[in-house]
Amino acid sequence: MRKFYIIPLLAATFFASCKSDDNGGSELPKIDNPTSYTFERNGESTVSFGGQTTRIKMGEEIISALKDPTNTKADIESMFAHVEGNANFSDAALNASDKSVRSKTAASEDYFKANTTDGNAIKADFESWIAAQDDEIFENWNNDATKGNAGNIQEAGGGATRYVSAKGLEYNQAINKGLIGALMVDQALNNYLSPAVLDAATNRADNDAGTVASGKTYTTMEHKWDEAYGYVYGLNADPANPNADLGADNFLNKYIGRVEGDTDFAGIAADIYNAFKLGRAAIVAKDYKVRDEQAEIIREEISKVIGIRAVYYLQQGKANLATDKASAFHDLSEGFGFVYSLQFTRKPNTSEPYFTKAEVDAFISTLTAGNGFWDLDAATLDTMSDAISAEFDFTTVEAGS
């Protein structure tokens, strides 16, 4: 079911066609496609994505804070909407940063610049889940969860204890997996890989001329592409060769690794990385046709990761509903977050997600109707899984196991 792309794998060079309409019909140099994501100008690295690493680190601390009942909603809300200089994090460098997770949540150029209504509604969802983690979960931390009552519930056989809402939802999982879509996927696919961002203002002319950003080693176009890369690989120990340690964060990087580990989808991690690398090399070579082709590959494959994991967790939850509510609720909470993230995916060669916000909202309403997870049945989860799989090139059986 997987699609294969012809991408150079050796230190070899990829030769572009001699002419390109996207480049005014001018002669193009060959694209030097390196063996790793390493690019230099005058002996200095031109790769930079520090802001993305910062926001991933902030996200990691937020996820940890959601598991500590001594925190208040004000504490976590302040982390989410961090203000420069405030001591919201354990890392002093994060406290000194002028960046925040909230500012880039549902904030892409292509999806939300002209649609602030949906962008603000999505930010409000995260704020409501943060508040509910305190009001519902922390307040009932030591109570037993039952249908209609928040509290704790232990997995069968003395397994992990889960802390769920009255509907069985773990808000920390909704926030964690929801941010994969609303922050990492949206910013990478719908912002930094967008021609509206890559080619903004004089970016293309500057890149053609090799004019670097003020005080920097890179052109603005190179940097924008790197920022997309940073939302995927920003915490890897060796970001130039990130597939060696996938799982470096608890966000997109981790779940590319999980999908890669499924034999039905082996090779997807290389497809994503190689497209990032070749696209960056194409920018250096001023071949914008190849650049945009690689962006479409990245959009398709990363979107597929979100779809696969949504189906996977819905199916895993279904498998345990009758025998282990705690385990089922944990999987369904992760599924909830990935389903929510579907609205940030991007169909290649279009300006549309695989599922609209209205369609995602309908899925979420189904999952939370009545007593929520307590009332779900296998047929409902199969119907939802099949609806998701049908929009991609995989089956529910492939993704769900």
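The structure displayed is predicted, hence computed values, not measured ones.
At distances below 3.5 Å, not a single donor-acceptor pair connects side-chain atoms of Asn88 with backbone N or O atoms of Met79. A donor-acceptor contact shorter than 3.5 Å links the side chain of Ser165 to the backbone of Leu169. Remark: the backbone N or O of Leu94 is paired with a side-chain donor or acceptor of His82 at under 3.5 angstrom. A distance-only check finds a donor-acceptor pair linking the side chain of Asp324 to the backbone of Ser327 [under 3.5 Å]. Using a distance-only test at 3.5 Å, with no hydrogens or angles considered, no donor-acceptor pair links the side chain of Ser341 to the main chain of Ile180. Using modelled atom types, one side-chain atom of Glu260 and one backbone atom of Ala269 make a donor-acceptor pair closer than 3.5 Å. The backbone N or O of Thr72 lies less than 3.5 Å from a partner atom in the side chain of Asp75, making a donor-acceptor pair. A side-chain donor-acceptor contact under 3.5 Å links Glu398 to the backbone of Thr395. In terms of modelled atom types and a separation under 3.5 Å, the side chain of Asn207 and the main chain of Ile283 share a donor-acceptor contact. A donor-acceptor distance shorter than 3.5 angstrom exists from the side chain of Arg55 to the backbone of Ser100, with no hydrogens or angles considered.
Remark: Asn142 pairs with no residue by the side-chain contact (heavy atoms from CB on, under 4.5 Å) rule, at least two apart or across chains. Applying the salt bridge (charged side-chain N to carboxylate O under 4.0 Å, His left out) rule to Asp262 yields no partners; only residues at least two apart in sequence or on another chain are considered.
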Test log, rule ring pair (Phe, Tyr, Trp, His ring centres under 6.0 Å), inputs Trp225 and Tyr192: CA-CA 6 Å; Trp225 187 274; Tyr192 291 116; over 10 Å; no
Audit row: Phe392, Tyr354, ring pair (Phe, Tyr, Trp, His ring centres under 6.0 Å) steps and yes/no: CA-CA 8 Å; Phe392 294 92; Tyr354 280 83; 4.2 Å; yes
Worked check of salt bridge (Lys or Arg N to Asp or Glu O under 4.0 Å) between Arg309 and Glu334: CA-CA 9 Å; Arg309 293 313 283 188; Glu334 295 189 88; over 6 Å; no
Criterion salt bridge (Lys or Arg N to Asp or Glu O under 4.0 Å) on Asp393 and Lys304, from CA distance to verdict: CA-CA 8 Å; Asp393 65 350; Lys304 190 186 299 181; 3.4 Å; yes
Derivation of the salt bridge (Lys or Arg N to Asp or Glu O under 4.0 Å) call for Arg291 and Asp287: CA-CA 6 Å; Arg291 178 201 74 179; Asp287 189 330; over 6 Å; no
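Classification of Asp375 and Lys147 as a salt-bridged pair holds, one side-chain N sitting under 4.0 Å from a carboxylate O. Taking the charged nitrogens against the carboxylate oxygens, Asp110 and Arg346 do have a contact shorter than 4.0 Å, which makes a salt bridge. With respect to the salt-bridge test (charged N to carboxylate O, under 4.0 angstrom), the residues Asp249 and Lys254 do not qualify. Under a 4.0 Å N-O distance rule, the pair Glu222/Arg41 qualifies as a salt bridge. Ion pairing between Glu300 and Lys347 fails under the 4.0 Å rule for side-chain N and carboxylate O. Taking a cutoff of 4.0 Å between a charged side-chain nitrogen and a carboxylate oxygen, Glu77 and Lys73 do not qualify as a salt bridge.
Atom CD of residue Glu170 and atom CZ of residue Phe329 lie 10.0 Å apart, to the nearest 0.5 angstrom. Of the inter-residue distances, the one linking Ile297 atom CD1 with Leu193 atom CG reads 11.5 Å to the nearest 0.5 angstrom. The distance from atom OG1 of Thr53 to atom OH of Tyr231, rounded to the nearest 0.5 Å, is 10.0 Å. Between the OG1 atom of Thr345 and the CD atom of Glu352 there is a distance of 10.5 Å, given to the nearest 0.5 Å.
When ring centroids are compared, Phe336 and Trp129 come within the 6.0 Å threshold. Aromatic ring centres of Phe338 and Tyr340 lie farther apart than the 6.0 Å criterion allows.
The closest side-chain donor-acceptor pair between Asp199 and Asn203, if any, does not fall under 3.5 angstrom. Inspection of the Glu60 and Asn250 side chains reveals an N or O donor paired with an N or O acceptor under 3.5 Å. Side-chain contact annotation: Glu61 with Ser90, donor-acceptor N/O pair under 3.5 Å present. Glu84 and Asn95 share no donor-acceptor pair across their side chains, judged by distance under 3.5 Å alone. Judged purely by distance below 3.5 Å, without hydrogens or angles, the side chains of Asn120 and Thr116 never pair a donor atom with an acceptor atom.
Checked against Gln343 for a side-chain contact (heavy atoms from CB on, under 4.5 Å), the options Thr356, Ile122, Asp118 give a single hit: Ile122.
Aromatic ring orientation, Tyr229 versus Tyr273: tilted (interplanar angle from 30° to 60°).
Every pair passing salt bridge (Lys or Arg N to Asp or Glu O under 4.0 Å) that includes a residue from residues 226-243 is listed here, sequence neighbours excluded: Lys224-Glu227, Asp226-Arg280.
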